[in-house]
K.L.:
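My structure is below; once you've seen it, I'll send some questions.
Below, chain A is the first sequence line, B the second, and so on; all start at residue 1.
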Amino acid sequence: MSEHQVDIAPAPPLNEPPEWLRLNGLMVIVSPLKEIVRAAVPLVVVFVAGAHSWWQWLSLVGVGVLIARGVTHWATARYRITDEQVELRSGLFNRKTRAVPRDRIRTVDITSEWQHRLVGLSALKIGTGRQDKGKDDELVLDAITKAEAERLRTLLLTKNTAAAAPEQSAVDSVPAAATELVRVDRRWTWYAPFTLSGIAVVAAAFGAVWHFANDLHIRPDDITLLHDGLDLVGTESPWVLIPAAVIVLLLVATIASVLGYILSYWNFSVTREQSGTLHIRHGLLNTRSVSIEEARLRGVEVKETLPLRMVGGGRATAVVSGLRTGRGDERGGGLLLPAAPVAEAHLVAAKVLREPQDPTTASLTAHPRAALRRRLTRAVVAVLVLALAAWIGYELDLLPFWVWIVFVVLTPFSAWLGHDRYRSLGHTLTHGYLVSRSGSLVRETVALRSDGIIGWRVHASYWQRRSGLVTLVATTAAGRGGYHVTDAGTSQALAFADEAVPDLVAQFLEPAT
Amino acid sequence: MGHGLLVDVSETTGVRLRAPRHRISRKAVPYWTVRALPGWIVLLVGEVLLKVLPDDPPGTWLTVVIVVTAVLALIHLAVMPSWRYRVHRWEVTPTAVYTQSGWIDQEWRVAPLSRIQTVDTERGPWEQLFGLAKVTVTTASAAGPLHIHGLDLDVARGLVDELTAATEASKGDAT
């Protein structure tokens with residue numbers, strides 16, 4: 001835990017001439033190591049299995065190029081921090097200079113992969129919160145020592161808030177101990193299997209193995225063990241086969257998700273620092289430390305997958321301006337709590353927002369019955385169409401008999417899912433937050449600060465117009481960019497939009513006839 | 001700590017969005033027709049070649065597919081452009097930009113002037129042919145750009161100037 005109590009160096013005098021600094025020399029070891037591990041499978045195949053095809057060798061050349069690139073990057077990269085901006089120059093043939101104005105810095109993300117940790121280094125990533133710029137907007141220092149990373153983190157984020165709140169001098173205030181908002185209990189690991197992440201991992205692993213076997217022209221039939229296994233399986237009836245396959249899949253997914261949880265969320269903690277930043281730290285082998293400027297916080301989101309909901313679990317994510325949460329929240333760095341008891345998720349959400357109660361727990365206004373009809377129709381029709389297709393497939397001798405039966409059997413479950421999707425729908429305004437909930441397999445409840453809403457979209461498909469429904473989207477610079485209030489009554493949605501952001505939509509409304 | 005009780009709401013207050021004040025250019029109708037044409041032609045030509053070229057062409061079902069494609073193309077080309085023209089509208093007030101677009105699926109977008117970040121015009125080859133322009137108004141949200149299609153070039157230029165002036169007048173980083 002000692003690494004968490006780093007002395008916070010006072011900001012250096014601002015008129016000192018900035019000097020260009022190098023990245024840490026140990027990167028000459030780390031970056032080749034990284035590339036070799038990443039390319040481990042082709043390397044093993046070439047040298048151990050002895051499958052010398054020309055493109056195997058080509059991939060080796062590729063690894064060499066990547067290593068050379070890593071070393072060149074270290075040799076040529078120089079960074080400095082001036083009063084106004086952070087600058088990074090790099091490149092041998094193609095010289096690049098990137099500068100990020102310091103008052104634009106919104107997040108500082110310190111990642112140490114295990115190769116980094118072997119030699120005590122970290123990669124520091126600076127984000128400026130322009131959602132439209134995507135990756136071009138980041139500046140990465142890969143890698144510097146842990147102490148240097150901590151120094152830069154404090155320096156970059158402290159100046160930022162000192163400028164925003166001049167009455168509180170950054171030099172005078174003794175950095176008080178940060179307040180810990182939450183720390184993951186090891187026992188919560190048992191919520192991991194309910195997150196569905198294991199299934200995704202298994203699918204990805206299967207895909208990778210399949211792809212690689214294909215590339216090497218290894219057919220599953222050629223492997224004796226698999227061959228025998230498939231022979232044995234082929235003789236069994238589907239009534240044994242399907243449950244067995246499901247059990248095996250669940251078992252593997254469970255193990256994968258528990259391992260993943262331990263690796264990713266070991267020592268997960270969220271702390272609030274004096275400088276007005278939230279500091280999220282986690283990881284067992286690869287550690288990650290994300291600092292988010294609190295002024296950029298626009299709300300929270302609580303997510304419950306269906307299995308997680310059944311055991312009373314949930315996850316919490318911060319909705320932060322400039323942090324994208326498109327593909328996996330962990331990547332974006334806004335995760336406030338991984339799978340844990342849902343009460344804990346609400347607790348951390350409330351603490352992060354500085355509210356007595358998590359707004360996502362507010363009572364919600366239900367959506368019209370027409371929304372239920374839409375959900376049930378979709379759920380039932382979709383399964384019945386699949387069943388019909390499977391039945392035609394069976395008639396044409398393309399599919400075995402049991403497939404269409406499976407779809408028919410699934411119908412009640414699907415209808416239940418549709419009903420549950422309707423029950424999830426709801427929205428309200430509470431203490432300046434717009435709250436909206438939707439979804440069944442993954443139920444998401446978002447609380448978005450009304451002053452973070454920067455526009456509205458109202459969408460109505462042909463069928464929605466016929467049922468008097470619309471989908472209202474509150475657009476924001478944070479998180480996913482837009483948060484949906486799905487299938488609300490037209491009048492209901494518009495009145496809601498008007499109430500959430502006064503004097504905006506009202507001028508475009510008229511009484512319905 | 002529950003998940004929130006569902007409170008039922010009765011729809012008594014009836015409001016709806018009124019249409020924005022301005023229509024787009026009339027030339028948008030031929031523009032949309034011409035722009036939709038190449039896709040259908042490529043599809044139909046492909047299907048006909050499949051019917052004509054092979055020594056052993058697929059049976060009657062392909063003929064049915066060709067006829068259905070042709071009928072769909074005709075309906076699409078006859079209905080879509082004028083339907084779109086009736087729906088597409090826009091308006092700028094002292095506080096906000098408001099657009100209405102779509103045809104089968106329709107969408108209304110509202111952005112406060114104070115949150116606008118960029119105003120662009122774009123003219124593709126087809127648009128240049130018809131003397132039209134598309135105006136895109138972006139905010140800091142990845143989900144919120146407003147597009148106004150099929151504006152007369154002069155109208156588009158005037159709109160961009162007006163919005164740029166209004167945006168410069170407002171302060172803050174618009175997030």
K.L.:
Measure distances from A/Val501 to the heavy atoms of chain B and classify the residue's part below 4.5 Å as side chain, backbone, both or neither.
P.N.:
neither
K.L.:
Is the shortest heavy-atom distance from the side chain of A/Pro368 to the side chain of A/Leu469 under 4.5 Å?
P.N.:
yes
K.L.:
Any heavy-atom pair between the side chains of A/Glu444 and A/Arg437 that's under 4.5 Å?
P.N.:
no
K.L.:
Are A/Arg374 and A/Ser461 packed together at the side-chain level, in the sense that at least one heavy-atom pair is separated by less than 4.5 angstrom?
P.N.:
yes
K.L.:
Heavy atoms, side chains only, cut-off 4.5 Å: are A/Gln464 and A/Asp487 in contact?
P.N.:
yes
K.L.:
Report, in residue-number order, which members of residues 88-103 of chain B are under 4.5 Å from chain A by heavy-atom distance.
P.N.:
B/Glu91, B/Thr93, B/Thr95, B/Ala96, B/Tyr98, B/Trp103
K.L.:
Does atom CZ of B/Arg157 have more than 12 heavy-atom neighbours from other groups under 6.0 Å away?
P.N.:
no
K.L.:
Please name all residues satisfying side-chain contact (heavy atoms from CB on, under 4.5 Å) with A/Arg421, sequence neighbours left out, ordered by chain then number.
P.N.:
A/Arg375, A/Arg378, A/Ser440
K.L.:
Which distance, rounded to the nearest 0.5 Å, do you find between the OG1 of A/Thr305 and the CE of A/Met310?
P.N.:
8.5 Å
K.L.:
Would a line drawn from the ring center of A/Tyr422 to the ring center of A/His367 be shorter than 6.0 Å?
P.N.:
no
K.L.:
Any residues in residues 19-45 of chain B near chain A, with a heavy-atom distance under 4.5 Å, and which are they?
P.N.:
none
K.L.:
Just to verify, which of B/Ile75, B/Val68, B/Thr69 counts as forming a side chain to side chain contact (heavy atoms under 4.5 Å, CB included) with B/Val71?
P.N.:
B/Ile75
K.L.:
Can you list every ring pair (Phe, Tyr, Trp, His ring centres under 6.0 Å) pair that touches residues 439-466 of chain A, not counting sequence neighbours?
P.N.:
none
